[in-house]
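So that the names make sense, note that chain A is the first sequence line, chain B the second, and so on, each numbered from 1. Side-chain atoms are counted along with the backbone in the values below, which use heavy atoms only and exclude waters and symmetry mates.
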Protein chains: 2
Amino acid sequence: MPGLKEIAQVAGVSIRTVKRALSQTGPVSEETGRRVRAAARRLEYRPNLAARSLKTGASSEIVVLMHSTDELHMDKLLGIESVLRAAGFSVLVLFALSETEESHVAEAMLTRRPAGAILFPAPSNRLQSMLSLILKQKLPYVVLDTRLEGVNAVRIDRAQGVEEAVRHLAAQGRRHIAYVGPIADRSRLAGYERALAAFGMPSIVAETPAGSSGANEIENAVRHLMRATPSPDAMQAYSDTLAMTLLRTLHALGARIPDEVAVVGFDNRAFASLAHPPLTTVAQPGRDIGEAAGTLLLRQIAGEKPPAQGWTVTLSTRLIARESA
Amino acid sequence: MPGLKEIAQVAGVSIRTVKRALSQTGPVSEETGRRVRAAARRLEYRPNLAARSLKTGASSEIVVLMHSTDELHMDKLLGIESVLRAAGFSVLVLFALSETEESHVAEAMLTRRPAGAILFPAPSNRLQSMLSLILKQKLPYVVLDTRLEGVNAVRIDRAQGVEEAVRHLAAQGRRHIAYVGPIADRSRLAGYERALAAFGMPSIVAETPAGSSGANEIENAVRHLMRATPSPDAMQAYSDTLAMTLLRTLHALGARIPDEVAVVGFDNRAFASLAHPPLTTVAQPGRDIGEAAGTLLLRQIAGEKPPAQGWTVTLSTRLIARESA
DNA sequence: TTGTAGGCGTTATCAA
DNA sequence: TTGATAACGCCTACAA
């Protein structure tokens, strides 16, 4: 691998001149510049990042901490990578699936001396311990889609997308719109309630257990809902996953979808378009989230100081209308 | 950030001695060793990887080239990361979704001077151009799950998993087992045919267009199949995605699943367990694939020479029995 | 407009 | 058992 020295020899000038010519960091004569650049090109010169980093004390690596293999994270990762690569940074991925791994991953992160870190969603306690490390190092960072307050974060407005969805249902003339899902998490529920309030419609909430288990409870909830008079003519589900169970139960009850009952999911997962009927749902802007996180991080690296209460970018979610509503 | 120098000062010895004590690379007296290690711990010393890399000329970074955001890739990435991190390497992710990006990504890869590269599935021509670069650099590499021959690769035996699935169907007494999918790709079809041959059963193949489009064609194929006498009592689908359409069409025809017709998918995607009924399918060992790739790469980095025709590890796929078969 | 020289932190050679 | 010293490639203060 050729370095500045070799280029200098070939071009018959000093290292300093090569540097000036290649990084336009000082005056170089027309002719010399051409010769140097030609030599660099011919030798396929690429700067040695390790040497640069050693000299400048600055890292060109960003650590991304992932805590799950959720398919939705792929797009976020893509967004992060595209923004950071364009800015000359490398994206270094670390997985910490379990609490036990967290300390190894923390150690790995610190050893890499990154220029910044991006944290994917994780249980608060694990996020907290990583964050305290990061803050101690005064490392630029961004947390993705977290409930933690007072931190730099890219968040998404779930309520807004759900409100949009419920308005969409109302615009179809639906008047008995139910919400099915856990109610401890009000992120979607709030949007549902806002939309109903705007139309002066009563809320019909069927609580189901949190977590992905409990298909039976969901089924019972739906059956219960459908026995009411009048029965709901639309259902907003907490997630696409939950919506799948909804669809199945409604089919079993003989309800025609969307004619008799509309169903809306949340997440726009890969299978949403494969559901029967194809599921109308609210999508998170995965790639945008990643790009926003990358941008926010770059601004910190460039020296901008986040406010004390943390720097937040909130992105909107959007309705994907398919056939189920 | 403290370096060896600072530790040396604190411990009252020379840099060389610190180095010996910390990396057991030479004789150090009991007492000196203790003092040095204590100082290192107290100062939270971490080696400067940039300096090390500059000095040794060796990189501790592995580049992972991704060409899609397929959810199934997450587990592979996880496997790669876990093996490589354990060996002290960093995993650097680069995305090249389009052909246009490929050259930028190639340039980014070369600039990073990685110790090796892992290539995710991509169209052959794009893989080829990356590979020619990599070979020119004599970089250790592994390609994941590729049809390319003569390269270092981790492959999966799709036929074997499908054969297992079809045997499973036969063991249930099914005697008219159909295969639905594109036939240009024989990777699954071969397993289907092997199993049928073993049981002396006739093959019933319904060809559908390649790619994820063409729900109509699939529907027609299924309807056509079900009109035959006798009609199939089981169907092996090319993919989970295709299986979803199968399920829907069979439901529409009033067929009871799995009583009248069993359905088996391929891939074990996230939605397989959410299908109605939960989809029996053949799973790729995502994490194992990643781990195998990491291991294969590490062996090359350690100096083992792959044979001229390439080094291949083939992993088996496995049947995940759920309720659809 | 061009060149000299020193240092970043690590590794490793050589001498004591 | 220990230490002085050079070198990796890049960046830059300072001279010419």
Side-chain angles (χ1 to χ4, degrees), chain A residues 1-41 43-61 88-90 110-115 137, chain B residues 1-41 43-61 88-90 110-115 137:
Chain A
M1 279 280 155
L4 294 179
K5 180 149 71 170
E6 190 168 338
I7 297 175
Q9 283 169 353
V10 170
V13 294
S14 74
I15 292 183
R16 186 67 184 86
T17 300
V18 173
K19 173 66 180 159
R20 267 193 296 261
L22 294 184
S23 58
Q24 355 237 9
T25 182
V28 177
S29 80
E30 184 81 4
E31 153 64 10
T32 311
R34 233 196 330 269
R35 219 171 53 240
V36 169
R37 279 189 296 273
R41 209 168 331 106
L43 295 174
E44 296 186 24
Y45 169 73
R46 281 177 244 275
N48 182 324
L49 299 184
R52 174 180 292 173
S53 165
L54 174 59
K55 174 61 191 175
T56 63
S59 164
S60 65
E61 301 188 335
F89 287 87
S90 297
L110 262 26
T111 304
R112 267 67 173 181
R113 309 195 186 195
Q137 310 278 329
Chain B
M1 278 281 156
L4 294 178
K5 180 149 70 172
E6 189 168 340
I7 297 175
Q9 281 169 353
V10 170
V13 295
S14 75
I15 292 183
R16 187 66 184 86
T17 301
V18 173
K19 171 69 180 159
R20 266 192 297 260
L22 294 184
S23 59
Q24 355 237 9
T25 182
V28 178
S29 80
E30 185 82 5
E31 153 64 9
T32 311
R34 236 197 328 270
R35 218 169 56 239
V36 168
R37 279 188 297 273
R41 209 170 328 108
L43 295 174
E44 296 186 25
Y45 169 73
R46 281 178 244 276
N48 183 324
L49 299 184
R52 174 179 295 173
S53 167
L54 173 58
K55 176 61 191 173
T56 63
S59 164
S60 65
E61 301 188 335
F89 286 87
S90 297
L110 262 26
T111 304
R112 267 68 175 181
R113 310 196 186 193
Q137 310 279 328

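- Between B:Arg35 and B:Val13, the closest side-chain pair of non-hydrogen atoms falls below 4.5 Å.
- Taking only side-chain nitrogens and oxygens, A:Arg16 never comes nearer than 4.0 Å to OP1 or OP2 of C:dT2.
- Atom CZ in B:Arg52 sits roughly 19 Å away from atom P in C:dC8 (whole-Å rounding).
- With a 4.5 Å cut-off on side-chain heavy atoms, B:Leu22 and B:Tyr45 count as touching.
- Atom CZ in A:Arg112 sits roughly 20 Å away from atom P in C:dG9 (whole-Å rounding).
- The interatomic distance linking A:Ile15 (CD1) with C:dT1 (P) rounds to 21 Å, in whole Å.
- With distances taken from any side-chain atom of B:Ala51 to the nucleotides D:dC10, C:dG9, C:dT11, the minimum falls on C:dG9.
- For A:Lys19, the listed nucleotide lying nearest its side chain is D:dT12; candidates were C:dT10, D:dT12, C:dT2.
- Here B:Ser23 does not reach the OP1 or OP2 of C:dT11: none of its side-chain N or O atoms lies under 4.0 Å away.
- The main-chain N or O of B:Ala58 is found under 3.5 Å from a side-chain atom of B:Ser53 such that the two form a donor-acceptor pair.
- Distance, B:Glu30 CD to D:dT2 P: 11 Å, rounded to whole Å.
- Among the nucleotides C:dT10, D:dC11, D:dG9, the one closest to any side-chain atom of B:Lys55 is C:dT10.
- Toward the 5′ end of DNA chain D lies the nearest nucleotide of A:Leu54, the other residue of the pair A:Leu54 and A:Arg20 mapping further downstream.
- At the phosphate of C:dA12, neither OP1 nor OP2 sits under 4.0 Å from any side-chain N or O atom of B:Thr25.
- Residue A:Ser29 has a polar side-chain atom (N or O) positioned under 4.0 Å from OP1 or OP2 of C:dT2.
- Without hydrogens or angle criteria, A:Arg46 side chain to B:Thr111 main chain gives no donor-acceptor distance under 3.5 Å.
- Rounded to whole Å, atom P of D:dC10 lies 10 Å from atom CD of A:Glu6.
- Among D:dT2, D:dA13, D:dG9, the nucleotide with an atom closest to any side-chain atom of B:Val28 is D:dT2.
- Comparing C:dT4, C:dT10, D:dC10 by their closest approach to the side chain of B:Leu4 singles out C:dT10.
- Regarding A:Arg35, its CZ atom lies at a distance of 12 Å from the C1' atom of C:dT2, rounded to whole Å.
- Note: CG (B:Asn48) to P (D:dA7) measures 21 Å, nearest angstrom.
- Within the 4.5 Å cutoff, the side chain of A:Arg113 has no heavy atoms near those of the B:Leu49 side chain.
- Using a 4.0 Å cut-off, some side-chain N or O of A:Thr17 falls inside it from OP1 or OP2 of C:dG3.
- Residue-level contact check: B:Thr32 touches the backbone only, with heavy atoms under 4.0 Å from sugar-phosphate atoms and none from bases.
- Listed nucleotides: C:dG3, C:dT10, D:dT2. Nearest to the side chain of B:Pro27: D:dT2.
- Between the CG atom of A:Leu49 and the C1' atom of C:dC8 there is a distance of 16 Å, given to the nearest Å.
- Between B:Lys5 and C:dG9 there is no side-chain N or O to OP1 or OP2 distance below 4.0 Å.
- A heavy-atom distance below 4.5 Å is found between the side chains of A:Glu6 and A:Leu43.
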